Undergrad: 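One structure, as structure tokens, below. Some questions next.
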Amino acid sequence: MPVDWIIAGEGSELPAIRNLLSSYGLNDRVDICGNVSRHCIASVYDKIDILFVPSREEAFGLSALEGMARGCVLVASKAPGLNELLDGSKAAIQFDIQHPDKAVEAIIFLCRNRDRLRLMSKYATEYASRFTQSGYQSAIIAAHS
């Protein structure tokens with residue numbers, strides 16, 4: 001089954017990614033949209049099933065949480081910030097950034113197992129719904145008590 005990709009952001013690896021896409025003849029399968037305004041980001045999440053987050057570090061993982069709220073299943077690194085956000089979530093498959101082959105395996109698994117992908121999407125929206133302002137305030141108070 002063919003897979004199409006959307007790459008959002010302007011990370012330091014973007015030139016290398018563009019070269020790889022060109023060398024493998026994948027330019028017509030990948031939409032590189034650069035930085036996406038906050039007004040348009042929901043429409044990007046709504047076009048994807050799997051949100052790939054290969055961060056080396058995250059302060060909190062807001063893009064991961066936003067994607068989960070829109071039903072995206074995460075394939076995310078075990079970066080600090082993401083680890084804490086995703087702890088106990090059944091909506092993500094995490095991998096060690098030093099072993100990107102595990103991310104590829106996870107994406108292939110999800111593409112081949114659409115029932116599992118749909119179930120994890122349901123878990124994603126349920127998990128993200130727990131992150132309310134009152135829940136966040138309670139967690140801060142508990143952390144500093």
Side-chain angles (χ1 to χ4, degrees), residues 1-133 135-140 143:
M1 152 173 44
V3 176
D4 294 319
W5 296 81
I6 298 172
I7 297 176
E10 297 285 334
S12 62
E13 299 295 325
L14 193 54
I17 291 170
R18 286 184 193 275
N19 288 337
L20 282 171
L21 294 174
S22 182
S23 67
Y24 284 100
L26 295 172
N27 290 329
D28 61 334
R29 303 299 306 276
V30 180
D31 178 14
I32 299 177
C33 53
N35 287 328
V36 179
S37 76
R38 62 184 171 87
H39 303 291
C40 299
I41 194 66
S43 66
V44 172
Y45 292 131
D46 289 345
K47 293 177 185 175
I48 61 175
D49 295 318
I50 300 168
L51 178 59
F52 179 52
V53 186
S55 300
R56 289 184 173 86
E57 61 182 51
E58 288 278 343
F60 174 69
L62 185 58
S63 62
L65 185 57
E66 288 173 337
M68 291 170 73
R70 303 302 288 195
C72 299
V73 174
L74 297 181
V75 173
S77 67
K78 293 179 181 178
L82 286 172
N83 246 357
E84 291 78 10
L85 172 69
L86 299 174
D87 185 39
S89 170
K90 295 187 258 179
I93 298 175
Q94 286 189 271
F95 66 96
D96 185 325
I97 196 69
Q98 302 302 319
H99 300 284
D101 56 308
K102 298 299 180 187
V104 172
E105 289 173 14
I107 291 168
I108 291 170
F109 170 79
L110 291 169
C111 288
R112 290 182 176 162
N113 295 279
R114 302 304 282 184
D115 289 339
R116 179 71 179 164
L117 182 70
R118 280 188 285 281
L119 180 62
M120 289 178 74
S121 175
K122 179 179 171 282
Y123 291 151
T125 55
E126 290 171 358
Y127 189 77
S129 72
R130 293 190 239 166
F131 288 83
T132 62
Q133 184 174 358
Y136 183 68
Q137 288 170 337
S138 298
I140 290 174

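In this chain, numbering begins with 1 at the start of the sequence shown. Please read all numbers here as calculations on a predicted model, not as lab measurements.
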Undergrad: Find the distance between CG (L21) and CG (L14) and round it off to the nearest 0.5 Å.
TA: 9.0 Å
Undergrad: As an exercise, state the distance from CG of L110 to CD1 of I50, rounded to the nearest 0.5 Å.
TA: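 The distance works out to 4.5 Å.
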Undergrad: Assess the residue pair M120 and L117 against the criterion (side chain to side chain contact (heavy atoms under 4.5 Å, CB included)); give the C-alpha distance rounded to whole Å, side-chain angles, the decisive distance to 0.1 Å, and a yes or no.
TA: CA-CA 5 Å; M120 289 178 74; L117 182 70; 5.7 Å; no
Undergrad: At what distance, to the nearest 0.5 angstrom, does NZ of K102 lie from CZ of F95?
TA: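 Rounded to the nearest 0.5 Å, the NZ-CZ separation comes to 12.0 Å.
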Undergrad: Quick one: are R70 and I41 in side-chain contact, heavy atoms under 4.5 Å?
TA: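 No - every pair of side-chain heavy atoms lies 4.5 Å or more apart.
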Undergrad: For the residue pair C72 and A124, what are the closest heavy atoms and their distance?
TA: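 Looking at all heavy atoms of both residues, the shortest contact is O-CB, 3.4 Å.
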Undergrad: From L20 CG over to Y24 OH, what is the distance, rounded to the nearest 0.5 angstrom?
TA: 6.5 Å
Undergrad: On a heavy-atom basis, which atom in G71 and which in S121 lie closest, and how many Å separate them?
TA: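 In terms of heavy atoms, the two residues are closest at O-OG, 2.6 Å.
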Undergrad: Can I get a per-line list of side-chain donor-acceptor pairs under 3.5 Å for residues 83-93, giving both atom names and the distance, sequence neighbours left out?
TA:
unit_1: N83; atom_1: OD1; unit_2: Q94; atom_2: NE2; d: 3.1
unit_1: N83; atom_1: ND2; unit_2: K78; atom_2: O; d: 3.3
unit_1: E84; atom_1: OE1; unit_2: G81; atom_2: N; d: 2.5
unit_1: S89; atom_1: OG; unit_2: A91; atom_2: N; d: 2.9

Undergrad: Taking only distance into account, with no hydrogens and no angle test, what donor-acceptor pairs under 3.5 Å do side-chain atoms of residues 53-65 form with protein atoms, sequence neighbours excluded?
TA:
unit_1: S55; atom_1: OG; unit_2: E58; atom_2: OE2; d: 2.6

Undergrad: Return the minimal non-hydrogen interatomic distance between Q98 and D96, and the atom names on each side.
TA: N-OD1, 2.8 Å
Undergrad: Applying side chain to side chain donor-acceptor pair (under 3.5 Å), can you list everything that pairs with D101, at least two apart in sequence or on another chain?
TA: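 Partners of D101 by the side chain to side chain donor-acceptor pair (under 3.5 Å) criterion come out as none, since no residue qualifies.
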Undergrad: Checking S22 side chain against N19 main chain: does a donor-acceptor pair fall under 3.5 Å?
TA: no
Undergrad: In Å and rounded to the nearest 0.5 Å, what is the OG1 to CZ distance from T125 to R130?
TA: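 If we round to the nearest 0.5 Å, T125:OG1 and R130:CZ are 11.0 Å apart.
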